[in-house]
Amino acid sequence: MTSPAVTLRGVSAAHGATRDRPLDLDIVPGSRVWISGPSGVGKTSLLYVIGAMTLAQRGAVTVGGVAVSSSRVADQVRRDHVGFVLQDAQLVEHWTVERNLATMAGYDNAPQALERLESWGVPVEGRHPRSLSGGERQRIVTAGALAKGASVIVTDEPTSSLDETSRDAVIEAFRDAADAGAAVVVSSHDSAWSAWATQHVRLGRTDG
Ligand SMILES: Nc1ncnc2c1ncn2[C@@H]1O[C@H](COP(=O)(O)OP(=O)(O)OP(=O)(O)O)[C@@H](O)[C@H]1O
């Protein structure tokens with residue numbers, strides 16, 4: 001039997017729907033999980049718990065087989081197991097994009113990120129984050145997170161700034177990451193993720 005990449009048992013995040021309705025969830029390697037629900041329902045808050053970016057308010061969380069029981073453990077788990085693409089695509093503004101990518105992905109993996117960005121038509125050489133459009137920024141962070149080769153990838157609206165063609169390329173890249181064995185968890189309003197997902201977590205009133 002495949003060991004889950006992430007388990008939640010009776011978990012409530014600090015904000016949103018899981019406060020009233022704690023969640024049990026098993027996410028196995030290779031799965032594609034779509035968290036949906038109306039604005040403000042708590043998708044981001046749940047995603048942060050799944051990615052060990054914050055501790056659960058209640059319940060038990062494991063990521064990569066490790067119980068996320070303290071901030072110190074969460075920091076380590078995040079480094080060892082998690083790649084993330086957050087809503088405000090996180091880059092160090094005074095570094096070049098290449099240095100940002102090397103830090104996100106690891107120096108050995110950075111060429112892979114550069115290759116992907118070239119295939120997506122995102123020019124990178126010598127650029128700083130301030131010169132990037134929202135869509136370029138989003139794809140740079142995505143390429144960095146994917147190249148890290150993490151076993152768990154969490155992403156929050158990773159295609160919100162993209163046109164349809166670019167969006168489809170990014171969705172495809174997250175599919176490839178899952179095919180390669182990562183557990184990929186996406187929080188998004190966009191129903192384009194529906195056909196991509198193998199597992200759907202719907203937060204909100206219509207949730208069963
Ligand atoms: N640090 C915080 N302090 C207080 N309230 C917060 C905090 N973070 C989130 N919230 C509130 O918790 C609720 C859930 O927020 P969250 O960002 O998880 O929702 P979401 O479903 O991801 O929303 P959206 O789709 O608009 O991004 C919202 O009402 C939000 O205002």
Side-chain angles (χ1 to χ4, degrees), residues 1-19 21-37 42-87 90 101-110 112-113 141-158 171 173-188 193 196-203 207:
M1 205 183 94
T2 314
S3 305
V6 178
T7 64
L8 306 187
R9 292 289 176 269
V11 162
S12 297
H15 308 285
T18 59
R19 277 170 65 102
R21 191 178 295 191
L23 194 66
D24 291 333
L25 188 63
D26 286 322
I27 302 175
V28 297
S31 50
R32 306 189 294 267
V33 184
W34 175 36
I35 302 173
S36 74
K43 300 184 296 298
T44 300
S45 305
L46 175 61
L47 195 74
Y48 273 48
V49 169
I50 292 172
M53 282 171 276
T54 55
L55 298 178
Q57 191 84 347
R58 242 185 321 159
V61 177
T62 69
V63 177
V66 180
V68 184
S69 52
S70 69
S71 301
R72 192 181 52 78
V73 174
D75 289 346
Q76 191 63 45
V77 162
R78 223 166 41 241
R79 271 195 295 273
D80 292 346
H81 298 289
V82 184
F84 43 91
V85 182
L86 306 180
Q87 268 192 44
Q90 66 287 351
L101 283 169
T103 304
M104 271 186 277
Y107 278 85
D108 291 347
N109 301 327
Q112 203 182 310
V141 177
T142 298
L146 288 172
K148 181 180 175 184
S151 57
V152 178
I153 299 172
V154 296
T155 87
D156 199 4
E157 298 286 3
I171 290 177
F174 281 117
R175 181 187 295 274
D176 292 345
D179 286 349
V184 184
V185 186
V186 175
S187 157
S188 179
W193 292 97
W196 169 91
T198 55
Q199 205 172 339
H200 184 191
V201 178
R202 185 175 165 76
L203 297 181
D207 182 16

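Starting from 1, each residue takes its place in the sequence as its number. All values below were derived from every heavy atom in this structure, side-chain atoms included, with hydrogens, water molecules and symmetry-related copies excluded.
In this structure, a donor-acceptor pair under 3.5 Å is absent between the side chains of Ser31 and Thr198.
To the nearest 0.5 Å, atoms OG (Ser71) and CD (Gln76) are separated by 13.5 Å. Note that the CG atom of Leu25 and the OG1 atom of Thr7 stand 9.0 Å from one another [nearest 0.5 Å]. To the nearest 0.5 Å, atoms OG (Ser188) and CD (Glu157) are separated by 3.5 Å.
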For this session: Evaluate side-chain contact (heavy atoms from CB on, under 4.5 Å) for Thr142 paired with Thr155, printing each intermediate quantity in order.
Result: CA-CA 8 Å; Thr142 298; Thr155 87; over 6 Å; no

For this session: Applying side-chain contact (heavy atoms from CB on, under 4.5 Å), run through Val154 and Met53 and close with a yes or a no.
Result: CA-CA 10 Å; Val154 296; Met53 282 171 276; 3.5 Å; yes

For this session: Test side-chain contact (heavy atoms from CB on, under 4.5 Å) on Thr62 and Val6 and set out the steps.
Result: CA-CA 5 Å; Thr62 69; Val6 178; 5.9 Å; no

Exercise. Would Arg32 and Gln199 satisfy side-chain contact (heavy atoms from CB on, under 4.5 Å), going step by step from the backbone distance to the final call?
Worked result: CA-CA 6 Å; Arg32 306 189 294 267; Gln199 205 172 339; over 6 Å; no

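The two residues Val152 and Ala5 make their nearest non-hydrogen contact at CG2-CB, 4.0 Å. Heavy-atom minimum distance, Val63 versus Ile50: CG2-O, 3.5 Å. When every heavy atom of Pro158 is checked against every heavy atom of Val85, the shortest pair comes out as CB-CG1, 4.3 Å. Across all non-hydrogen atoms, the minimal contact from Ile153 to Ala177 is CD1-CB, 3.9 Å. Of all non-hydrogen atoms in Ala105 and Asn109, the two that sit nearest each other are O-ND2, 2.8 Å. The heavy-atom pair separating Gly10 from Asp24 by the smallest distance is N-OD1, 2.6 Å.
A donor-acceptor contact shorter than 3.5 Å is absent between the side chain of Gln90 and the backbone of Val141. Listed for the Thr18 side chain is no donor-acceptor partner under 3.5 Å among the backbone atoms of Arg21. Using a distance-only test at 3.5 Å, with no hydrogens or angles considered, a donor-acceptor pair links the side chain of Lys148 to the main chain of Arg79. No donor-acceptor pair closer than 3.5 Å links the side chain of Lys43 to the backbone N or O of Leu203.
Between Trp193 and His200, every side-chain heavy-atom pair lies at or beyond the 4.5 Å cut-off. Using a 4.5 Å cut-off on side-chain heavy atoms (C-beta onward), Pro4 and Ile27 make no contact.
Between Asp75 and Arg72 there is no salt bridge, since none of the side-chain N atoms of the basic residue sits less than 4.0 Å from a carboxylate O of the acidic one.
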Without placing hydrogens or testing angles, list every side-chain donor-acceptor pair under 3.5 Å for residues 180-187, not counting sequence neighbours.
{"residue": "Ser187", "atom": "OG", "partner": "Asp156", "partner atom": "OD1", "Å": "3.2"}

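Using cut-offs of 30° and 60° on the angle between ring planes, the pair Trp196 and Phe174 is perpendicular.
When the side chain to side chain donor-acceptor pair (under 3.5 Å) test is applied to Ser12, the partners found at least two apart in sequence or on another chain are Arg58.
Remark: Arg9 CZ is packed, more than 12 non-hydrogen atoms of other residues, nucleotides or ligands lying under 6.0 Å away.
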